[in-house]
There are 2 protein chains.
Amino acid sequence: MAVETIEQQLQAHGIHPTAARILVLQKLSELTHPVSMTELETELETMDKSTIFRTLNVLLEHHAIHSFEDGSGSTKYEICRCESTVCRVENRHIHFYCEECRRTFCIEDVKIPVVALPEGYRIETINYTVKGLCPECSKRKPIV
Amino acid sequence: MAVETIEQQLQAHGIHPTAARILVLQKLSELTHPVSMTELETELETMDKSTIFRTLNVLLEHHAIHSFEDGSGSTKYEICRCESTVCRVENRHIHFYCEECRRTFCIEDVKIPVVALPEGYRIETINYTVKGLCPECSKRKPIV
DNA sequence: TGTCAGTTTGCAACCGGGTTGCATGATGGG
DNA sequence: CCCATCATGCAACCCGGTTGCAAACTGACA
């Protein structure tokens, strides 16, 4: 993807660029790890929770960002770094949730394996999250 | 697995069989689809929410049942039908969540694809849930 | 069989993520 | 410049999940 401003990214996805949307997308593009709504709330103190909520939904609907559940109890959001405006599910990477330190990792190198479903199912998105111990915590904990 | 009573199943997993635990496991073994805590609550009217909650956790800890997040917002539970008392992740089937009718389907025939993670990660469990439209709803909705 | 410690359960209250209604504020087209 | 429309903040709410505590139960031992 060519270098472009946040505003251009929004417009490319057909989203009317407002201050809130620029700020949220900006923040998401800065962060190197997926964040929850609550984390965004603390990052963007000036912005109301409901605004963040609605902004994230707009970004999601227009496929400017992804969301997924990692089992931490709160949905995580991350910017979509696809070339095109539509991001195919097989291009998305998997995530790892550490049950010890409760951090969520992007495993950029590993893409979501796509299975074949029985006739009739229409796939919209796939959630592939591995849970366990991250390398750091794994070292500290003995093998059972 | 040989035919055995719910009580025996509990004991096989090292769980002290109490009335509540038998009822919950009983109910889970009857149901053919994964259920949320709330659904269990309505199924088992006599039992308190907190009891169900704690019971599910006991069953989970002892690997008598599985849980997973389907993106509906509430965790789903289903009985573990593995031969052995430990259920390997590659034997588990995937789930499909219909965004239209909000039902969760077991796709028994399709097992969770297991990926290789970078050095250091210790895998405990994998959540693989496909979201989209189920065959029924797919028929009713035009292709975009 | 009675007693006691440890376990299980129900009740009530709580927490926090997510969601909504409503009123105000910004925006862009005519 | 004005109005319709969209975006935002505020406050309240909903609901799944969680916890503290006291009462009920259970099982081991005397």
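Residue numbering restarts at 1 for every chain, and letters A, B, ... go by the order of the sequence lines.
Within the 4.5 Å cutoff, the side chain of A:Arg122 has no heavy atoms near those of the B:Glu100 side chain. The shortest distance between side-chain heavy atoms of A:Met37 and A:Lys49 falls below 4.5 Å. No side-chain heavy atom of B:Thr55 sits under 4.5 Å from any side-chain heavy atom of B:Thr18. The side-chain heavy atoms of B:Leu59 and B:Leu10, taken from C-beta on, include a pair separated by under 4.5 Å.
Comparing B:His16 and B:Asn57, the nucleotide of DNA chain D nearest to each residue sits closer to the 5' end for B:Asn57. Comparing A:Met47 and B:Ser74 by the nucleotide of DNA chain D that holds the closest heavy atom to each, the one mapping nearer the 5' end is A:Met47.
One can find a donor-acceptor pair under 3.5 Å joining the base of D:dC10 and the side-chain atoms of A:Ser50. One cannot find a donor-acceptor pair under 3.5 Å joining the base of D:dC6 and the side-chain atoms of A:Thr18. In the interface, the side chain of A:Lys49 is paired with the base of C:dG18 through a donor and an acceptor atom under 3.5 Å apart. In the interface, the side chain of B:Arg54 is not paired with the base of D:dG17 through any donor and acceptor atom under 3.5 Å apart.
Straight-line distance from the CD1 atom of A:Ile52 to the C1' atom of D:dC10: 14 Å, rounded to whole Å. Distance CG (A:Asp48) to C1' (D:dC13): 14 Å, rounded to an integer number of Å. The nearest whole Å value for the distance from the CD atom in A:Glu39 to the P atom in C:dG18 is 11 Å. If you take CZ of B:Arg102 and P of D:dC15, they are 13 Å apart, rounded to a whole angstrom. For A:Leu59 and D:dT8, the CG to P distance is 10 Å, given to the nearest whole Å. Between the NZ atom of B:Lys76 and the P atom of D:dG17 there is a distance of 9 Å, rounded to whole Å. B:Leu40 places its CG atom 13 Å from the C1' atom of D:dG16, with the value rounded to the nearest Å. The distance from atom CD of A:Glu41 to atom P of D:dG9 is 12 Å, rounded to the nearest whole Å.
A distance of 10.0 Å separates CG in A:Leu56 from CG in A:Leu25, rounded to the nearest 0.5 Å.
Look at B:Thr75 and you'll find a side-chain N or O under 4.0 angstrom from OP1 or OP2 of D:dG17. Within the structure, a side-chain polar atom (N or O) of A:Thr51 is placed less than 4.0 Å from OP1 or OP2 of D:dG9.
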